[in-house]
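Worksheet for the structure shown next.
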Protein chains: 2
Amino acid sequence: MRFTIKDIAREANVSIATVSRVINNKNEGMSLETREKILNIMKKHNYVPSSLARSMITKKTNIIGLILPDINNPFFPGIVRGAEDAANSYGYNIILCNTDDNPEKEKTYIEILKEKCVDGMIYTSTLNPIDENLQLFKRHKIPTVFVDRIVESDDIPFIFTDGKKGMFKIVEYLIQNGHKEIAYIAGEKKSQFNHSRLEGYKSALSKYNIPLNQNLIFMGDYKLSGGKRCMESLLDLKEKFSAVACENDLMAIGALEMLNDRKIKVPREISITGYDNIFLTNVTSPKITTIAQPIYEMGYKAMELLIKIVNKDNDPVDNKIILEPELVIKDSVWKRGD
Amino acid sequence: MRFTIKDIAREANVSIATVSRVINNKNEGMSLETREKILNIMKKHNYVPSSLARSMITKKTNIIGLILPDINNPFFPGIVRGAEDAANSYGYNIILCNTDDNPEKEKTYIEILKEKCVDGMIYTSTLNPIDENLQLFKRHKIPTVFVDRIVESDDIPFIFTDGKKGMFKIVEYLIQNGHKEIAYIAGEKKSQFNHSRLEGYKSALSKYNIPLNQNLIFMGDYKLSGGKRCMESLLDLKEKFSAVACENDLMAIGALEMLNDRKIKVPREISITGYDNIFLTNVTSPKITTIAQPIYEMGYKAMELLIKIVNKDNDPVDNKIILEPELVIKDSVWKRGD
DNA sequence: TTGAAAGCGATACCAG
DNA sequence: CTGGTATCGCTTTCAA
């Protein structure tokens, strides 16, 4: 049997109320004597209070649910780590849930987390979010912060890194280095996300009066294989191009592999850019010029924001956070003057 | 206020006992009528039972704690994913804790998880485990499965992949391809783990009557930078060697970078091997020959084993699991006959 | 400075 | 087939 507050009370010849005071450091006006006595008994028995019982009363579990597609996706460990660090420093813990971009699984997890009485949730939606699940957050009245994949939803706090601006920056960088025919490898067609990246591409071209060539836009899948496939299609095309902007690093790496296979020199013959700045881009050859999202920071700030909301810190928190992407110049772009 | 079992009972004009029966599908002999009525009320109010309250009675939270050094280390997402999948399919959830190889942090997490009343823990120790923390598992009587970094501890179940055998396999592979002077880049000196890998190296040499040359053994840090540094030291050495076996992939990649910097051809001039088969090794050039640990499987089986123990499934489970490492041949080893 | 007792939201046992 | 009630381990008034 578990050693409980009752047992301590009995052994110390005091009431459980007194023990509770010691546990919670409510010492104002307590005899040092009894305090010491109780503390000793607790230590002797390795007593650890049950947060279960406590939570029943306080209505707080200090647990936050993290819902995301797949921790194996190299994008997410950073988010999780940031979130966990923040959680830890505020006295919270995280329950991790992988949805595999499957709305059914996602729904189940939301329900489970509600059951577990989490204080809040951090949520990166499936690629094709369904409204039913989004409603769930509101219906269950669980404070939630959306991360990265933002769904237009008026009143739910969110944090993400500006994808349009990021892609704009890197395409502008290509243009400034003399590239005019710039191909584009996009992610999933079906997804409503990262259209913003495509927009960034278009707006950069437009700013420099470069006509948009639809033939140079290919549809990948955010995976290595997709990048490879798209690159192959591009090469088999008759169109001319000197650079390829990819919507994420994995596809850029896939594209790079294809170019290597075909003995095409990067960046001398064709330049490549990625997006996300995953570690991988530092060990390919050449290293891939890309856009860094402040991933860790996103996770950290998401958690901080959530905790503030949970605790109703009254200073009205800014609950729509947009972080700035950063251009990370490496070696995969042929530069004017090289 | 939360909508509870009481509210349902009131609204349905039944006792909470009856409602509880519905919640738990104990239908044997219950009027379909009341069942339906209750079900409807539950649906109408989006009722979700509080597992907190339930756990207080059942003494089960269906939560498992995962303690590991750092989810950002590319080795761990696979473990976590495997563990989470298994947990999910048995109706459990996981709380994730990053220790940063810091025993203090680790201790705190163990205590917190005890507080949260997790049903069990999966534990990858810090590089330098301290006995005090190991005792904690026993003292708190929380079922625990040790993963990957195994501490000699008689009675605690564990699962890992045989490091000695893995390193033996890959060094033997080098030898069979004509290499005789094989350098070795080890991990942390202080760590008690992966001595087994070094043993594997030695036993392979010994089997083929190759004398051990201590000058060819360098001490890294399991990181890219350490691999790079060690490689540099090796090159500055006067000793001859044709191959370098690294204790993990990151160091192998670091070593590879150094060789690239020095314009030394891999594998033509020097062969490199890694260990772990992280995704990275497929995108370096050349791709790195390495040893694959069944990472996902390790996580999955660890969780399965733990859950069996938690549920005291009476079939005496085999609670010492050793998995077989696999040689994954890629392009970083110069082969006899090439 | 301390204690008694109510109550958090469920489960489970014993009655009827 | 259904209800009453003790109970889980703790926090929190209110009194003393």
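Reminder, nothing fancy here: chain letters follow the sequence lines and each chain counts from 1.
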OP1 or OP2 of D:dC1 less than 4.0 angstrom from a side-chain nitrogen or oxygen of B:T18, does that happen here?
-> no

In short, ring-ring contact (aromatic ring centres under 6.0 Å, His included) pairs touching residues 83-132 of chain B with sequence neighbours left out are B:Y123-B:F137, B:Y123-B:F146

Quick one: what's the B/S/- string for nucleotides 8-16 of chain D, heavy-atom cutoff under 4.0 Å, read 5' to 3'?
-> BBBBB----

First and last nucleotide of DNA chain C, 5' to 3', lying under 4.0 Å from heavy atoms of chain A = C:dT1 to C:dG9

Let me know which of B:D70, B:N73, B:N72 forms a side chain to side chain donor-acceptor pair (under 3.5 Å) with A:R81.
-> B:D70

Touch check for B:T34, heavy atoms < 4.0 angstrom, all strands: base, sugar-phosphate only, or nothing?
-> sugar-phosphate

dist A:I71:CD1 -> B:L96:CG (nearest 0.5 Å) comes out at 7.0 Å

Under the side chain to side chain donor-acceptor pair (under 3.5 Å) test, residues paired with A:R2 that sit two or more places apart = none

B:I295 meets the side chain to side chain contact (heavy atoms under 4.5 Å, CB included) criterion, sequence neighbours left out, with B:F75, B:I79, B:Q293

Would you classify B:D7 as touching base, sugar-phosphate or nothing, given that sugar-phosphate means primed atoms plus P, OP1 and OP2, and contacts are heavy atoms under 4.0 Å?
-> nothing

Verify, without hydrogens or angle tests, whether A:T34 (side chain) and A:M30 (backbone) share a donor-acceptor contact under 3.5 angstrom.
-> no

Do the side chains of A:P143 and A:D119 get nearer than 4.5 Å, heavy atoms only?
-> no

Those residues that, when tested against A:K44, pass side chain to side chain donor-acceptor pair (under 3.5 Å) (two or more places apart) = A:E11

